[in-house]
Amino acid sequence: MIRINQIKLPISHTDKELIKKAANLLDVEPDKILSCKIVKKSIDARKKPEIYFIYAIDIETENEDGILGRLSSGRSHRNRSVQITKAKEQGYSFPDSGEIKINKRPVIIGTGPAGLFCGYYLSLYGYRPILLERGKAVDERRKDVEKFWESGVLNTDSNVQFGEGGAGTFSDGKLNTLIKDKTGRNKEVLKVFVRSGAPEEILYEAKPHIGTDILMNVVKNMRNEITAHGGEVRFESKVTDIIIDKDRITGVIINDSEQLSTDIVVFAIGHSARDTFYMLNRHGVPMEAKAFAVGLRVEHPRKFINNTQYGMEENKHLPTANYKLTAKATNGRGVYSFCMCPGGYVVNASSEEGRLAINGMSYSKRNGDNSNSAIIITVTPEDFESTHPFSGVEFQRLLEKKAFEVGKGQVPVETYGDFRQAVTGAMPSISVIAGEYPDFKPQIKGAYSFAPVHKILPEVLNQSFVEGMEQFNRMMPGFADSGVYVSGVESRTSSPVRIHRDELGQSQIRGLYPCGEGAGYAGGITSAAMDGMAIAEKIASVYKGEK
């Protein structure tokens, strides 16, 4: 196979034109191209509205070594911006089985991406894991979530945070990650998603996503694959305690009653399993508070964001536009966009009574009227005024309590103009967005009300938020328009706790494997899935599977 990087074509091009361009670069006839596989596809909008797709492709043709030799010797025309090399596909391989026989089935706590992928690979290789999930299967979970959004009645174990698929199920389903992956896990995660029902495009899109609607089916199909290979998935099975004997875990207690004996427990519990953190701490499991970020969500009209990014409001060849913005406040804090949801919704993502947290969500078509993103500010243990491992948890809870009170139980919303005036004293200007998009209103899953959002965060964070918004406005004119909607609070960006683990993946309590985002080792669907795979590999390298 020959890899061609940096092929540039207009967004309206056809498949035939892509083949023709590749053939021209290789100096062969188009009918000599036996196959063409897209490896990566991105958008070049630097000269909007003149927009291009940029491709990396793998070509199969005759006499590939001869073609590469001819090109490297300079005997053929080459576009200087294009790179042509021999394709090197990085594969993924699960480790050979260890020598220690497993007497009791391994237990995985949590069915978010970390737990699912850990269970998926352990089941494929004969370890017959038992997955325990406090929430419900995804179809029943969806009913509980929709009931909460419609009525405000919260099920504290089945909601946007808890249940099959984890917190990422009710999100944009973003699958990109900043992790430099030398193991092939990243690509393997995407391949598993495709085998489980996700569109093949996620294998090559620069910023892959699948949306909440598709992700629900993907996690069900992964569950079915786990059970088909001897694994077991149990819902409404909350681990309320653990059993330890001489610094080694020997079992778990489910729903305060059932005892399940095991020598291997993977805690893939998610960033909102606060009660589980406290339970582990009572048993002396080492952990610490860690830095994370908090902030607020901002909403713009989808067509406005499209116009700022593409120079046009709509184009059938282009996906709904996204953005990624970073800034630095004068106090040194980082301010950046997070979990940007093109054509999406702000969602009430609460999991505790009397506290309110929000998130963002998109469906696969990303065709909602608004686009939203969290604008978040870094916080560290110094902000929590305590060195206790749960100081960050309590910091989150304080903010969520304020958000609940400010909105009187509903998601609080404020225009950016009013927010900025309350923080800086500057009078809001006339909203250009409101004039150009007269139907613009909040798109929120769950009840919302206009309220003083500026009363939720500490003053230093409010100041940082405003500074960030004003800097973003210089990058994307209109981003800090007075009519932009601000809602809060975005407090669950990542885990406030890190559970210590060693090079074997285990806690000081042997047999206990902290895993994924909740344990402090990932940040998003893909990285959590990759960490779940890594823990499965560590278990498999020591213990013998039955396959």
Side-chain angles (χ1 to χ4, degrees), residues 135-136 138-163 167-172 211-213 216 272 294-302 339 341 343-363 367-376 396-419 422 433-434 437-457 483-493:
K136 297 180 182 179
V138 71
D139 287 335
E140 293 304 310
R141 177 190 182 193
R142 178 177 57 190
K143 294 176 184 177
D144 289 336
V145 169
E146 291 175 350
K147 179 181 179 181
F148 170 58
W149 287 340
E150 293 169 3
S151 68
V153 177
L154 176 67
N155 182 329
T156 55
D157 283 324
S158 179
N159 47 60
V160 173
Q161 305 296 344
F162 299 133
T169 302
F170 292 93
S171 70
D172 190 51
T212 289
D213 45 343
M216 288 182 181
S272 295
V294 298
L296 306 166
R297 286 232 159 223
V298 296
E299 290 186 83
H300 300 82
R302 173 176 54 84
C339 187
C341 297
Y345 301 80
V346 174
V347 303
N348 189 332
S350 304
S351 62
E352 295 182 346
E353 296 286 359
R355 295 184 174 90
L356 191 147
I358 62 171
N359 194 8
M361 182 187 88
S362 294
Y363 296 111
N367 59 357
D369 291 337
N370 294 356
S371 290
N372 72 76
S373 176
I375 303 299
I376 56 177
Q396 288 177 326
R397 280 178 159 163
L398 175 64
L399 298 182
E400 292 168 15
K401 184 173 184 291
K402 286 184 177 180
F404 186 89
E405 293 170 348
V406 163
K408 297 180 180 178
Q410 300 180 341
V411 175
V413 181
E414 187 172 26
T415 64
Y416 177 67
D418 289 343
F419 184 97
I433 284 180
Y437 302 94
D439 296 329
F440 176 48
K441 61 183 179 181
Q443 274 202 317
I444 297 178
K445 295 287 188 178
Y448 70 88
S449 60
F450 286 93
V453 176
H454 61 271
K455 291 185 177 181
I456 299 172
L457 297 178
V484 168
Y485 295 117
V486 179
S487 54
V489 61
E490 182 90 11
S491 53
R492 313 279 184 94
T493 59

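Taking CD1 of Ile456 as the reference point, atom NZ of Lys401 lies at 13.0 Å (rounded to 0.5 Å). The distance from the CG atom of Asn348 to the CD1 atom of Ile444 is 9.0 Å, given to the nearest 0.5 Å. Here CZ of Phe170 is found 7.5 Å from CE of Met361. Values are rounded to the nearest 0.5 Å. Once rounded to the nearest 0.5 Å, the distance linking CZ of Phe404 with CZ of Arg397 reads 14.5 Å. Here Tyr345 contributes atom OH and Trp149 contributes atom CH2; the two are 10.0 Å apart, rounded to the nearest 0.5 Å.
Contact record, Ala451 with Glu414: O-CB, 3.4 Å, taken as the closest heavy-atom pair. Closest heavy-atom contact between Ser491 and Gln396: O-NE2, 2.8 Å. In this structure, Lys455 and Lys402 approach most closely via the heavy-atom pair O-CD, 4.0 Å. Here the shortest heavy-atom pairing between Cys339 and Gly360 reads SG-O, 4.3 Å. Nearest heavy atoms, Ile376 versus Gly295: CG2-N, 3.9 Å. The two atoms that bring Val160 and Ala349 nearest to each other are CG1-CB, 3.6 Å, heavy atoms only.
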Would Leu457 and Leu399 satisfy side chain to side chain contact (heavy atoms under 4.5 Å, CB included), going step by step from the backbone distance to the final call?
CA-CA 7 Å; Leu457 297 178; Leu399 298 182; 4.0 Å; yes
For Asn359 and Arg297, run side chain to side chain contact (heavy atoms under 4.5 Å, CB included): C-alpha distance rounded to whole Å, both residues' side-chain angles, the deciding distance at 0.1 Å, then the answer.
CA-CA 8 Å; Asn359 194 8; Arg297 286 232 159 223; 3.4 Å; yes
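Although no hydrogens or angles enter the test, the distance criterion places no donor-acceptor pair under 3.5 Å between the side chain of Glu299 and the main chain of Pro442. Of the possible donor and acceptor atoms, one in the side chain of Ser350 sits under 3.5 Å from a partner among the backbone N and O of Ala357. Side chain of Arg302 to backbone of Gly368: a donor-acceptor contact under 3.5 angstrom is found. Judged by distance alone, the side chain of Asn370 and the main-chain N or O of Lys441 form a donor-acceptor pair under 3.5 Å. In this structure, the side chain of Glu400 does not engage the main chain of Val489 through any donor-acceptor pair within 3.5 Å. Thr156 contributes no side-chain N or O that, together with a main-chain N or O of Ser351, makes up a donor-acceptor pair within less than 3.5 Å.
Residue Asp139 is tested with Lys143, Arg141, Arg142 for a side chain to side chain contact (heavy atoms under 4.5 Å, CB included); the sole match is Arg142. Results of the side chain to side chain contact (heavy atoms under 4.5 Å, CB included) test with Lys136 over Asn155, Val145, Asn159, Asp157 single out Asn155 as the only residue that passes. Each of Asp369, Val346, Val347 was evaluated against Gln443; a single residue qualifies, Asp369, per the side chain to side chain contact (heavy atoms under 4.5 Å, CB included) test. Checked options Phe440, Tyr448, Tyr416; the residue passing with Tyr485 is Phe440 (criterion: ring pair (Phe, Tyr, Trp, His ring centres under 6.0 Å)).
You'll find the side chain of Thr212 reaches within 4.5 Å of the side chain of Met216, heavy atoms only. Looking at heavy atoms from C-beta onward, Ile375 lies out of side-chain contact with Leu296 at the 4.5 angstrom threshold.
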